[in-house]
Each structure stands twice: as C-alpha cells, then as structure tokens.
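All values reported here derive from a predicted model rather than from experimental measurement. All chains are named by letter (A, B, ...) in the order of the sequence lines, taking the proteins before the strands, and each is independently numbered beginning at 1.
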Number of protein chains: 2
Amino acid sequence: MSLATDGADQPTLYKRIRADIEKRILTGEWPPGHRIPFEHELVARYGCSRMTVNKALSELAQADLIERRRRAGSFVRRPQHQSAVLKIADIRAEITALGRAYGYELIHRKLRMATAADRDRLGVKKAGKVVAIACRHSADNVPFAVEDRLIDLSSVPNAATADFSREPPGSWLLHHVPWTEAEHTISAIVADDRAAQALDIAVGAPCLVIDRYTWRSTRTITAVRLLYPGDSHRLVARFKGG
Amino acid sequence: MSLATDGADQPTLYKRIRADIEKRILTGEWPPGHRIPFEHELVARYGCSRMTVNKALSELAQADLIERRRRAGSFVRRPQHQSAVLKIADIRAEITALGRAYGYELIHRKLRMATAADRDRLGVKKAGKVVAIACRHSADNVPFAVEDRLIDLSSVPNAATADFSREPPGSWLLHHVPWTEAEHTISAIVADDRAAQALDIAVGAPCLVIDRYTWRSTRTITAVRLLYPGDSHRLVARFKGG
DNA sequence: TTGACTTATATGTCTAGACATATAATCGTA
DNA sequence: TACGATTATATGTCTAGACATATAAGTCAA
C-alpha cells in the first residue's frame with residue numbers, strides 16, 4: 001500500500017497536492033490571506049507522509065504563491081508581482097487580490113451559430129454554436145476593464161446554460177474547464193467613442209488591449225479581448241532567468 | 001553527530017549546497033551545459049543524506065538554473081528559456097527573427113555619477129557611476145522602438161568601455177552579464193511630440209511602454225524603458241497551465 | 001492594563017533507508 | 001554495420017520517524 005493503488009495514471013502525489021492547492025488559489029476559492037490546511041491535516045487527507053506534503057508546500061512557497069509562517073501556518077500570498085493577466089486568468093480574483101471591491105455587469109449575451117468571423121477568431125474550421133459575451137468589470141465602482149468574449153460550445157457545451165449574468169465568464173470557465181495552454185497578445189490603442197464610454201475615460205485616451213486565446217489540448221475553448229484604461233492599469237510580470 | 005557541528009552559524013546545509021552551486025553557475029565557473037556533480041558525489045562531499053542534496057538540486061531545477069536528466073545527471077541550463085515576453089530582451093534578435101533588416105542608432109550616451117532620480121530608478125541607495133543611453137531600433141528602416149536605458153556601473157563595470165555606438169546595449173548586456181531576475185511593467189500611453197518624432201508616428205497615437213528592471217541576485221543591473229508604436233507592435237506570450 | 005515568562009505547536013530541516021522509472025550504454029544479433 | 005534487446009545507473013518519489021526553532025497564545029505578576 002504505497003501510492004499508486006488507484007487506477008488512474010495520475011501524476012505523482014506531491015504534484016497532485018500542489019496542483020490541488022494551486023488551483024484553489026488561482027481560481028480565487030482561497031483568496032489572499034486564506035490559511036491553507038496545516039501539513040498534518042493534508043497528511044490525513046491524502047494519506048501520505050509529512051515529507052510529501054511538505055514538498056508540495058515548499059514548492060508553492062518557492063513560487064511565491066503561499067507564505068509559510070512557523071507556528072501560524074501557510075497562507076495564500078497576495079500576487080504582488082505575478083501579472084494578474086499573465087498568470088491569473090480571472091479578473092475577479094485579480095481585483096479581489098488588490099483588496100478592492102469587485103463589480104460585474106453583463107452587457108450582452110448571445111448564443112448563435114459561429115459566423116465566419118467567429119470561426120476565424122477562435123481558429124476553428126467547422127461551424128458550431130458559440131456564446132458571445134460582452135461584460136464589464138469594475139473595482140471600487142470604477143470601470144476596470146471591458147471584456148468581449150467568444151466561447152466555443154463544441155468544446156464547452158455547459159457554457160450554453162451557465163448564468164453569466166451573475167458570474168463572470170472568466171471565473172466560470174476557470175472553475176469548469178481546465179485549460180492547458182493560453183496565448184496573450186498585448187497591444188495599445190486609443191479609446192474610441194464606445195470604449196471611452198464603457199471605461200469612463202476620454203476619447204483618445206490610451207488603452208491596453210489583451211487578447212487571450214485558451215486551449216485544452218488542441219481544442220479552442222475561448223477567445224477574449226480585454227480593454228483596460230492604459231494610464232491607470234499596468235501589467236507587471238516578473239521572471240527568473242539565468 | 002547531526003548537522004551543526006561546525007562553529008559558524010551557517011544557513012542550513014541544503015541552502016549552503018544550493019548557494020555553492022548557484023555561485024559557480026552565476027560566476028561562470030560552471031558554464032551552460034556543464035554537468036554538475038552527481039547526487040552521490042555531493043552526498044560524499046557534504047557528508048549528508050541524499051534527500052538533503054536532492055532538495056538543493058530540486059530547488060535549482062525549479063528556478064531553471066539547472067536541468068536534471070534521468071540517468072545522465074544534472075546540467076547547467078542555457079540562459080534563454082525566456083518566457084516569451086522576454087524575447088524582447090534582445091530587440092536585435094527579435095527583428096532579425098522576423099526576417100527584417102535591423103537598424104540601430106545611438107542617440108545619446110553619457111557616463112555620470114548617479115543623480116537622485118537615477119538612484120531612484122535603479123532602486124539603489126548608494127551613489128555610484130551610471131551610463132545613460134538613448135537609442136533607437138528600426139526594422140526595414142522603419143522606427144521600431146526607442147530605448148532609454150540606465151546601467152549601474154557598480155554592477156557592470158565593463159559597460160563603461162563598451163562601444164554602444166555599434167552594438168545595442170541590450171544585446172551587449174545579454175552577452176556579458178548573467179541576470180537572475182527581471183521585472184516588466186507594461187502600460188499604454190499616447191505619443192507626445194518627442195515620442196511621435198522619434199517613432200515617426202502621429203502625436204496622440206497609442207504607444208506600448210515596457211519598463212524592465214533586471215537584477216543579478218540582489219544587485220540591480222539595468223533599468224530600461226522601451227517605447228513601441230502601439231498599433232503596429234504586439235507582445236505575445238504563451239503559457240502552459242493546468 | 002501591561003509587560004515578562006512559559007508553553008504549545010506548525011514549520012524547517014534532516015536521516016537512512018526503499019522502490020519506481022527513464023534512459024545512456026552495452027551487448028547481441030541479423 | 002545497423003538495429004533491437006538488455007543492463008546499469010542517476011534521478012524521482014516516498015516513508016516514518018527525529019530534533020530544531022520561531023512564535024502565537026496563554027499565564028502570571030507588577
């Protein structure tokens with residue numbers, strides 16, 4: 001009776017523990033400051049030795065996802081460096097992490113057969129149904145970003161019935177659909193009338209545009225364009241290199 | 001006979017092992033590709049158990065300083081696994097990779113004692129010499145980006161005599177100074193008179209701004225601000241996730 | 001109430017083993 | 001010589017303990 005008595009060909013145990021915790025952090029289920037279970041609790045939950053749990057937590061600490069304090073426990077860190085956009089695909093979690101009040105507003109939602117433009121945007125060939133969503137995120141009641149999203153229903157059928165009037169599609173997807181790869185394209189534009197009104201900024205003000213495509217294996221899941229006020233928003237990304 | 005029988009109040013053993021190896025890598029004593037001692041050799045050298053050595057090496061692997069290969073050993077990594085966004089670390093390489101003709105023009109170079117503003121920008125306290133550089137990169141004779149850079153000479157003394165009229169400072173640094181960490185801040189602005197003229201775009205056109213700070217261990221190496229035409233330049237970053 | 005002392009506890013580090021697994025190297029064969 | 005099978009070996013993961021240490025929390029006296 002050691003580790004791999006279950007049928008599935010899971011990754012190793014400590015990686016599974018790490019991934020479990022990481023997921024809860026990245027989805028915002030365990031927000032910054034949250035105390036994650038003690039090592040001995042995880043030992044009991046996963047039925048392994050303390051060293052295994054310790055290895056998982058140590059790696060999370062090395063990655064700056066959690067902070068460990070003797071006698072107190074381990075706590076989810078505020079993602080101070082990691083770019084919210086580059087690592088966390090959830091704006092709600094991003095705003096919450098900044099300690100600000102998150103606001104969400106669905107502007108538009110439509111279920112339709114993919115148009116040629118939709119297929120082009122998603123990078124798929126076959127026609128199928130898609131959900132098109134426009135919404136707005138705000139922090140402390142100030143517009144934070146507007147989102148324009150397309151979800152491929154052939155990859156994510158459940159999205160057809162999800163209630164995006166209450167939950168932002170990014171958060172919903174993160175909770176319901178595991179992704180394996182994402183590509184971000186960052187550019188700058190000046191606000192046109194529509195953008196200016198949506199973000200409550202002046203026409204001609206600079207905006208950051210982030211286009212993100214997300215896949216699971218080779219299937220496109222979603223394509224989203226996020227528009228941020230460029231002078232009040234910054235993407236910060238910190239890397240280690242050699 | 002456990003661990004702390006020596007007089008000095010050293011950090012823990014695995015940290016010492018890790019620091020020893022890290023030092024040899026960062027100083028270039030063990031160049032990229034070099035095979036570092038096998039675990040059992042380090043066990044013998046440090047007189048500890050394999051798990052202790054393994055912990056040190058695992059952390060170095062997690063930090064991407066070394067690569068571990070079963071049966072073969074552990075090897076110093078080449079310093080260019082950059083996370084996509086970092087490809088802009090060398091604009092010359094970026095433009096060349098696009099199959100376009102690279103052009104470089106030194107606008108300004110000055111060696112001076114660090115002003116208060118310089119120290120602030122570099123995040124250092126002590127006064128020392130710096131090199132301030134302004135230059136322009138072009139692709140197929142079209143302005144591609146303007147660069148405004150500060151190099152800390154106390155970290156990189158050689159930069160004082162480097163010929164930046166021929167080689168772009170980014171390329172020079174990449175070849176001469178190993179870095180351990182970099183932080184990028186991306187924002188959007190609209191072009192003012194000066195920027196518009198330098199980039200040959202209209203006043204009021206959107207620009208991407210990338211501020212990058214680079215360290216080796218805790219020493220600041222350089223701070224650079226890059227200004228790109230926002231509508232013609234895009235940053236692309238691709239990630240793997242779960 | 002406040003400050004000093006004590007205690008309980010979660011993490012930090014370490015050991016001396018074990019078996020798993022990928023793969024470089026070797027050997028044998030067509 | 002070329003290729004397929006075998007073997008040796010370094011890393012990957014894990015265990016069931018141990019003692020160290022920082023510190024939150026509780027205790028008690030001024």
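For C:dG12, its base sits under 3.5 Å from the side chain of A:R50 at one donor and acceptor pair at least. Judged by distance alone, with hydrogens and angles left aside, B:R71 brings no side-chain donor or acceptor close enough to the base of D:dA10 to form a pair under 3.5 Å. Put simply, the side chain of B:R70 and the base of C:dA24 share no donor and acceptor less than 3.5 Å apart.
At the phosphate of D:dG12, neither OP1 nor OP2 sits under 4.0 Å from any side-chain N or O atom of A:K15. When the side-chain nitrogen and oxygen atoms of A:S49 are compared with OP1 and OP2 of D:dG17, none of them lie within a distance under 4.0 Å. Phosphate contact (OP1/OP2 of D:dT13, side-chain N/O of A:K55, threshold under 4.0 Å): present. For A:R68 and C:dA10, the shortest distance from a side-chain N or O to OP1 or OP2 is not below 4.0 Å.
Rounded to whole Å, atom C1' of D:dT15 lies 13 Å from atom CG of A:N54. If you measure from atom CZ of B:R35 to atom C1' of C:dA24, you get 13 Å, rounded to the nearest angstrom. Between B:R16 atom CZ and C:dC14 atom P the separation is 10 Å, expressed in whole Å. When the C1' atom of C:dT13 is taken as reference, atom CG of A:L57 falls 15 Å away, rounded to whole Å. Separating the OH atom of A:Y46 from the C1' atom of D:dT15 is a distance of 19 Å, rounded to the nearest angstrom. As a whole-Å value, the separation of B:F38 CZ from D:dG12 P is 13 Å. Going from atom CD of A:E59 over to atom C1' of D:dG12 covers 12 Å, rounded to whole Å. Between the C1' atom of D:dT13 and the CD atom of B:E39 lies a distance of 11 Å, rounded to the nearest Å.
By the 4.0 Å N-to-carboxylate-O rule, A:R68 lies close enough to A:E39 to be salt-bridged with it. A salt bridge does not link A:K15 with A:E59: every distance from a Lys NZ or Arg NE/NH1/NH2 to an Asp or Glu carboxylate oxygen is 4.0 Å or more.
Checking B:P37 against A:T52, the closest nucleotide of DNA chain D that is more toward the 5' end is the one next to B:P37. Nearer the 5' end of DNA chain D, as judged by each residue's closest nucleotide, is the contact made by A:C48, out of A:A72 and A:C48. Projected onto DNA chain C by closest heavy-atom contact, A:M51 and A:G73 fall at different nucleotides, the more 5' of which corresponds to A:G73. Two residues, A:H40 and B:R69, neighbour DNA chain C, and the one matched to the more 5' nucleotide by heavy-atom proximity is A:H40.
Ring geometry, A:H137 versus A:Y104: the interplanar angle falls from 30° to 60°, so the pair is classed tilted.
The listed nucleotides are D:dA10, C:dC14, D:dT13; the one nearest the side chain of B:T12 is C:dC14.
The ring-ring contact (aromatic ring centres under 6.0 Å, His included) test applied to A:W172 returns A:F164, A:H176, not counting sequence neighbours.
Between A:P169 and A:C135 the shortest heavy-atom distance is CD-SG, 4.1 Å.
Backbone-only engagement by A:S74 is indicated by non-hydrogen atom pairs under 4.0 Å involving sugar-phosphate atoms exclusively.
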Output side-chain donor-acceptor pairs under 3.5 Å for residues 153-161 of chain A, partner residues at least two apart or in another chain, one line each.
{"from": "A:S154", "atom 1": "OG", "to": "A:D152", "atom 2": "OD1", "distance (Å)": "2.6"}
{"from": "A:S154", "atom 1": "OG", "to": "A:D152", "atom 2": "OD2", "distance (Å)": "3.4"}
{"from": "A:S154", "atom 1": "OG", "to": "A:R219", "atom 2": "NH2", "distance (Å)": "3.4"}
{"from": "A:S155", "atom 1": "OG", "to": "A:R219", "atom 2": "NE", "distance (Å)": "3.0"}
{"from": "A:S155", "atom 1": "OG", "to": "A:T220", "atom 2": "O", "distance (Å)": "2.7"}
{"from": "A:T161", "atom 1": "OG1", "to": "A:N158", "atom 2": "O", "distance (Å)": "3.2"}

